[in-house]
Structures are given as C-alpha cells and as structure tokens.
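Written out below as structure tokens is the structure these notes cover.
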Amino acid sequence: MSVETTSGRGDPGTAAPVLATPHPASAETAALARRLVDVVAEAGEMALSMSRAGVRSWTKGNDSPVTEADMAVDAFLRRSLEALDPAIGWLSEESADTPARLAVRRVWVVDPIDGTRAFMAGGPDWAVSAALVEDGRPVAAALFAPVTQEMFTALAGHGAQRNGTRLAAPPRGGLAGARVAGPPSDMDAIARVAPVERLPRIRSLALRLARVATGEIDLALSAGNSADWDLAAADLVVHEAAARLTTRAGAHLIYNRADPRHPALVCAGDALHAATLAAPQLSDFFSP
C-alpha cells in the first residue's frame, strides 16, 4: 500500500502520512455510503426538475456561472448529509469555506452541480458529486448524472459500480488508438506522440474522469486549478476500478487541505497511466 506525505491540514510545519489507497471501509463508513447514494439520487432528481422548470443564473466572483439550482441542491445536500453525523466536516463549491474542516478527520466534499454550463444549456453532461473524505483520501463516493440516469458509486476496498454493475478500466497498455478527452492543447501534445481518437469535451470533469472507469475514455486530462469538489468522488470511482488519477508527476491527490485546488492531472487505467507518464516524448509535458 503506497503512502504519500503531505503537510498536514494546512500546517506547513507538520508532516502527516496519507494513504494513497485507504484501508477497506469500515462498517460505519459502508452505512454512510448507502445513505450517501440515496441523498445524492434525491438531489439529482431535484436538480433535474429545476432544470426543466427554468432557473435564474448569475456569475460568481471567479466569472463562473451559478444557478438557483446549484444553491438549492447544495442546501439540501448539506442539511441531509450533516444530519447523518454532525461531527463530519463540510466542503462544497457553493458554501462558504471555513477552517473548521481542517480540524477533523472526515469531511463531506460536494459539488451540487458539476458542469453548470451544461446544466444551463440543457445538456446531459452534468452531475451531482459527493464524497466522504477521511485522512485526506475519499472512502465513499456517489456521482449521479440525472439526465442519463447513471449512478456511479464507490467504497474504499470494495470496488466501484455504475447502476449496480461492477466497473473495471480496460487493461490498455499503449497510447496508439487510445480515446482521449481533455483540453485541446493537452490532446495536441498526446497526438504528437501517437495516433489517438480525440473525444468531444465532457463539461463535467467528474463525469469525464468516471468514464475512464467505464472504459468509454482511455485517457482523461485536466488543466490546473480543479478543486476537491470536482475530483473527490470521481477519484475513488477511478481507483476502485483499477485506474489512476494523479498529478502529471504521478502523485496521488490529497484532499481537505487549506488550499483545495490541484495542478494539471492525468487519469487512465493502471497500465496506460504508467505508459503515458513514462513516454520519453512527453517528459517535458508531464514534468512536475
């Protein structure tokens, strides 16, 4: 079991070991995971209903859109999940962040609507994403795409599923012919190394990553500045399906730090992930 070191929960002077792959989930965590799935499913249906009725939207301080549905779903998720165990912390894209979460081992990490632009446009590529993070890594996850009625779930040490069917990323070992999704500049770099199939953009980053677990995407890339709430649920789905989501230096992601932002990322099945990072032609592209 690999171990990674991080500087604690925002304290640069304290080193704390974090398991890249957590121990198998406890019975308590499994019970929370079952409730999590029910809550996320209900939240997704709420968002879908609101999308059909039409919602007011505005622009946040970082020039990204937010809608009434984002806020309503966020409030529902917080109320429902905090009721399961008030001692668990909270981190969401649409809630004011506080230092309180840094003092606890377990945190709910939530994106009420991942892919808000797709939601506003009436597209299918948005999702409700929620994960339980423990000691820096996700241990339970639910990711629901209401338009396509796909529920991705994962529990540490117990695998990942889509609508009850076990997921396993294909054992592809080379880039030639791989289906690649991500920012155009990233796909350009990959295409210079090997002939690949460039897939249309999936506006929900969480869904883009989860489709590596299903085998619909072989290699998913993301630019820097994604946040815990974009990644935590999909991260566990991917890892429980024999794939990897890491920085381009190969480091596993650590959640619930003072700064929830992450650098550019690469996601693929175990063999393809290793081959991609090891490709000499990509050494500059994938340098730390």
Side-chain angles (χ1 to χ4, degrees), residues 1-6 8-9 15-41 77 80-82 84-91 101 103-110 128-144 150-171 206 209-215 228-247 250-257 262 265 267-271 273-274:
M1 180 176 295
S2 57
V3 175
E4 195 160 307
T5 299
T6 183
R9 294 182 179 84
V18 174
L19 295 176
T21 303
H23 293 293
S26 66
E28 178 195 4
T29 299
L32 286 170
R34 290 190 291 270
R35 298 293 300 277
L36 172 64
V37 173
D38 293 339
V39 169
V40 168
L77 288 167
S80 302
L81 294 176
E82 287 188 340
L84 300 180
D85 186 342
I88 297 175
W90 180 261
L91 176 63
R101 64 179 174 82
V104 296
R105 292 183 59 222
R106 297 193 297 173
V107 178
W108 295 114
V109 177
V110 168
V128 179
S129 176
L132 177 62
V133 165
E134 182 175 300
D135 294 331
R137 290 291 298 165
V139 293
L143 174 65
F144 183 43
E150 293 173 278
M151 174 65 81
F152 298 86
T153 60
L155 184 63
H158 295 273
Q161 298 182 334
R162 177 173 61 178
N163 293 350
T165 299
R166 186 74 175 249
L167 296 176
L209 300 172
R211 299 212 183 282
V212 171
T214 67
D228 281 10
W229 47 78
D230 301 310
L231 304 168
D235 189 338
L236 186 61
V237 170
V238 163
H239 277 84
E240 289 293 322
R244 299 182 194 178
L245 170 64
T246 71
T247 69
H252 289 281
L253 309 187
I254 300 166
Y255 298 93
N256 195 34
R257 296 188 297 183
H262 298 272
L265 306 173
C267 180
D270 287 348
H273 182 279

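We're numbering straight along the sequence, starting at 1.
- For the atom pair CZ (Arg101) and CD1 (Ile88), the distance works out to 15.0 Å, reported to the nearest 0.5 Å.
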task: Mind running side chain to side chain contact (heavy atoms under 4.5 Å, CB included) on Glu150 and Arg211 for me, showing each step along the way?
output: CA-CA 11 Å; Glu150 293 173 278; Arg211 299 212 183 282; 2.7 Å; yes

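- In terms of the side chain to side chain contact (heavy atoms under 4.5 Å, CB included) criterion, residue partners of Arg35 (sequence neighbours excluded) are, by chain and number, Leu84.
- The backbone N or O of Gly136 lies less than 3.5 Å from no partner atom in the side chain of Asn256, so there is not a single donor-acceptor pair.
- In this structure, Leu132 CG and Leu236 CG are separated by 10.0 Å, a value rounded to the nearest 0.5 Å.
- Exactly one residue among Leu81, Val109, Val104, Val107 makes a side-chain contact (heavy atoms from CB on, under 4.5 Å) with Trp90. That residue is Leu81.
- Remark: Gln161 pairs with no residue by the side-chain hydrogen bond (donor to acceptor under 3.5 Å, both in side chains) rule, at least two apart or across chains.
- One finds no salt bridge joining Arg257 and Asp228 here, because no Lys/Arg side-chain nitrogen approaches an Asp/Glu carboxylate oxygen to under 4.0 Å.
- Listed by chain and number, the residues in a side-chain hydrogen bond (donor to acceptor under 3.5 Å, both in side chains) with Thr247 amount to none (sequence neighbours excluded).
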message: The test is salt bridge (Lys or Arg N to Asp or Glu O under 4.0 Å); show your working for Asp135 and Arg106 and say whether it passes.
response: CA-CA 7 Å; Asp135 294 331; Arg106 297 193 297 173; over 6 Å; no

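- Here CZ of Phe144 is found 12.0 Å from OG1 of Thr153. Values are rounded to the nearest 0.5 Å.
- Looking at residues two or more places apart in sequence or on another chain, you find a side-chain hydrogen bond (donor to acceptor under 3.5 Å, both in side chains) between Arg244 and Asp270.
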- prompt: Between Leu231 and Leu253, does a side chain to side chain contact (heavy atoms under 4.5 Å, CB included) hold up when you go through it step by step?
  reply: CA-CA 9 Å; Leu231 304 168; Leu253 309 187; 3.8 Å; yes

Evaluation steps, side chain to side chain contact (heavy atoms under 4.5 Å, CB included), between Leu245 and Leu265: CA-CA 7 Å; Leu245 170 64; Leu265 306 173; 4.0 Å; yes

message: Could you walk me through whether Leu155 and Val139 satisfy the side chain to side chain contact (heavy atoms under 4.5 Å, CB included) test, starting with their C-alpha distance in whole Å, then the side-chain angles of each, then the deciding distance to 0.1 Å, before giving a yes or no?
response: CA-CA 6 Å; Leu155 184 63; Val139 293; 5.9 Å; no

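- Considering all non-hydrogen atoms of both residues, Trp108 and Leu36 come closest at CZ3-CD1, 3.9 Å.
- Every residue was checked against the side-chain hydrogen bond (donor to acceptor under 3.5 Å, both in side chains) condition with Asp38, not counting sequence neighbours, and none meets it.
- For the atom pair CD (Glu82) and CG (Leu77), the distance works out to 10.5 Å, reported to the nearest 0.5 Å.
- Tyr255 pairs by the ring pair (Phe, Tyr, Trp, His ring centres under 6.0 Å) definition with His262, not counting sequence neighbours.
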